[in-house]
Amino acid sequence: MGSMVGLLHTHVCEPADPNHCDRIIRYVAGVWGQFYVRMGRHKLPVLTNENGTLLFGADYEYSYGRCDRLLEGSLVTIVASGAAVHEALAAVTETGINAEIIIASSPKQFDETLLQSIQKTQKYITIEDHNPMNGLGAGVNTFVLENGLRAELVANLGVREYQLSGQPAELYASANCGKDAVIALLQVL
């Protein structure tokens with residue numbers, strides 16, 4: 001992803017579930033410009049709202065840079081993209097910690113949803129299955145600085161070394177950027 005982030009006039013998107021992917025592809029097909037849509041190899045479950053309805057249902061309209069709130073919370077904002085959204089959700093579900101999860105499908109542009117969440121919690125964690133130095137982590141850190149937000153960065157979780165092939169859970173554990181890494185951070189807040 002980082003290679004594509006560095007290209008000027010290229011929009012980078014990473015869907016969090018199959019329905020999100022469908023809406024992003026429809027958006028990309030209908031607008032002018034260069035796009036890179038990043039998708040992992042493993043199947044992702046469909047995300048639902050806290051009331052059980054589809055998060056990215058039939059009425060959902062994607063726009064570039066749109067951020068979506070998956071869970072409301074007040075202790076910390078967890079900003080995630082792609083499959084890492086499911087790792088963040090599993091961690092918050094397992095610990096019961098009052099964290100807000102924001103899905104950021106683009107590492108290059110964010111909206112008011114992310115701004116308001118970080119203003120509210122004043123702490124944030126980013127999680128991605130890519131290098132945070134030029135992916136989502138770097139993008140959110142820049143966004144926080146450019147908007148003059150007063151927030152404590154708890155961590156930018158991501159892949160910091162080349163990984164071998166394996167099952168998603170094994171790879172997240174090996175890279176220390178999955179559910180267990182999020183749980184370890186949440187437990188010290």
Side-chain angles (χ1 to χ4, degrees), residues 1-5 12-18 20-21 38-48 50 55 67-108 110 113-114 117-118 120-145 149 151-189:
M1 179 190 304
S3 304
M4 303 309 284
V5 168
V12 178
C13 306
E14 185 173 23
D17 82 355
H20 198 207
C21 184
R38 180 177 190 262
M39 293 175 266
R41 296 181 300 182
H42 60 287
K43 292 181 180 180
L44 298 176
V46 173
L47 292 167
T48 58
E50 292 179 79
L55 181 64
C67 295
D68 298 285
R69 184 176 288 106
L70 176 59
L71 284 180
E72 289 256 357
S74 60
L75 180 64
V76 62
T77 298
I78 301 174
V79 189
S81 65
V85 169
H86 299 271
E87 297 295 310
L89 180 59
V92 171
T93 301
E94 188 172 312
T95 61
I97 289 179
N98 189 9
E100 185 148 294
I101 299 177
I102 302 295
I103 300 170
S105 60
S106 168
K108 293 175 89 169
F110 309 98
T113 302
L114 181 59
S117 179
I118 293 175
K120 175 175 66 174
T121 65
Q122 297 189 351
K123 289 188 212 83
Y124 69 99
I125 298 167
T126 65
I127 177 173
E128 60 190 303
D129 59 5
H130 188 66
N131 185 343
M133 294 182 353
N134 61 356
L136 181 68
V140 172
N141 293 346
T142 300
F143 177 77
V144 167
L145 288 172
L149 296 174
E152 174 190 342
L153 168 62
V154 176
N156 288 133
L157 296 177
V159 180
R160 296 180 186 278
E161 294 179 2
Y162 289 109
Q163 299 295 308
L164 299 174
S165 217
Q167 294 299 313
E170 296 168 335
L171 295 172
Y172 280 116
S174 174
N176 196 33
C177 66
K179 175 188 80 158
D180 292 336
V182 177
I183 288 172
L185 290 170
L186 293 176
Q187 289 175 339
V188 297
L189 290 179

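Fair warning: this is a prediction, and the values are worked out from it, not measured in the lab.
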Give me the atom names and distance for the closest heavy-atom approach of [X] to [Y].
X	Y	answer
Leu71	Ala99	CB-O, 4.1 Å
Met133	Asn131	N-OD1, 2.8 Å
Thr121	Ser74	CG2-O, 3.6 Å
Lys108	Val12	CD-CG2, 4.1 Å
Leu114	Cys67	CB-SG, 4.0 Å
Ala83	Leu44	CB-CD2, 3.6 Å

For the CG atom on Leu145, are there more than 12 heavy atoms of other groups (residues, nucleotides or ligands in this structure) within a distance under 6.0 Å?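 Yes, because the 6.0 Å sphere around CG of Leu145 holds more than 12 heavy atoms from other groups.
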Taking everything shown except Glu50 itself, do over 12 heavy atoms lie less than 6.0 Å from its CD?
->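 Buried by this count: over 12 neighbours within 6.0 Å.
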Just by distance, do the side chain of [X] and the backbone of [Y] share a donor-acceptor pair under 3.5 Å?
X	Y	result
Thr93	Leu89	yes
Gln163	Glu161	yes
Glu100	Ser117	no
Glu87	Cys177	no
His86	Ala16	yes
Thr142	Ala138	yes
Lys179	Ala169	no

Nearest-0.5 Å distance, [atom1] of residue [X] to [atom2] of residue [Y]:
X	Y	atom1	atom2	value
Tyr172	Ile127	OH	CD1	7.0 Å
Leu70	Leu55	CG	CG	6.0 Å
Ile97	Leu186	CD1	CG	4.5 Å
Thr77	Gln122	OG1	CD	10.0 Å
Asp17	Leu47	CG	CG	4.5 Å
Glu152	Ile125	CD	CD1	9.5 Å

Test of understanding: with salt bridge (charged side-chain N to carboxylate O under 4.0 Å, His left out), list the residues that count as partners of Asp68, not counting sequence neighbours.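 For Asp68 the salt bridge (charged side-chain N to carboxylate O under 4.0 Å, His left out) partners, ignoring immediate neighbours, are Arg66.
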Problem - Heavy-atom check, side chain of Tyr124 versus side chain of Leu153, under 4.5 Å - result: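 Heavy-atom side-chain distance check passes, below 4.5 Å.
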**Heavy-atom side-chain contact between Ile183 and Asp180 under 4.5 Å** =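 The answer is yes; the side chains approach within 4.5 Å.
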### Task
List the steps, then state whether side chain to side chain contact (heavy atoms under 4.5 Å, CB included) holds for Arg38 with His130.
CA-CA 11 Å; Arg38 180 177 190 262; His130 188 66; 4.1 Å; yes
* Asked: Pick one: which of Leu149, Val76, Thr113, Ile102 meets side-chain contact (heavy atoms from CB on, under 4.5 Å) with Ile118?
  ->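 Filter result, single survivor: Leu149.
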Item to complete: Quickly, which of Val79, Leu136, Val85 forms a side-chain contact (heavy atoms from CB on, under 4.5 Å) with Glu128? Name it, please.
Response: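 Result: among Val79, Leu136, Val85, Leu136 is the only option passing the side-chain contact (heavy atoms from CB on, under 4.5 Å) with Glu128.
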With sequence neighbours excluded, tell me which residues meet side chain to side chain contact (heavy atoms under 4.5 Å, CB included) with Cys21.
->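 If we apply the side chain to side chain contact (heavy atoms under 4.5 Å, CB included) test to Cys21, skipping adjacent residues, the hits are Pro15, Ile25, Met39.
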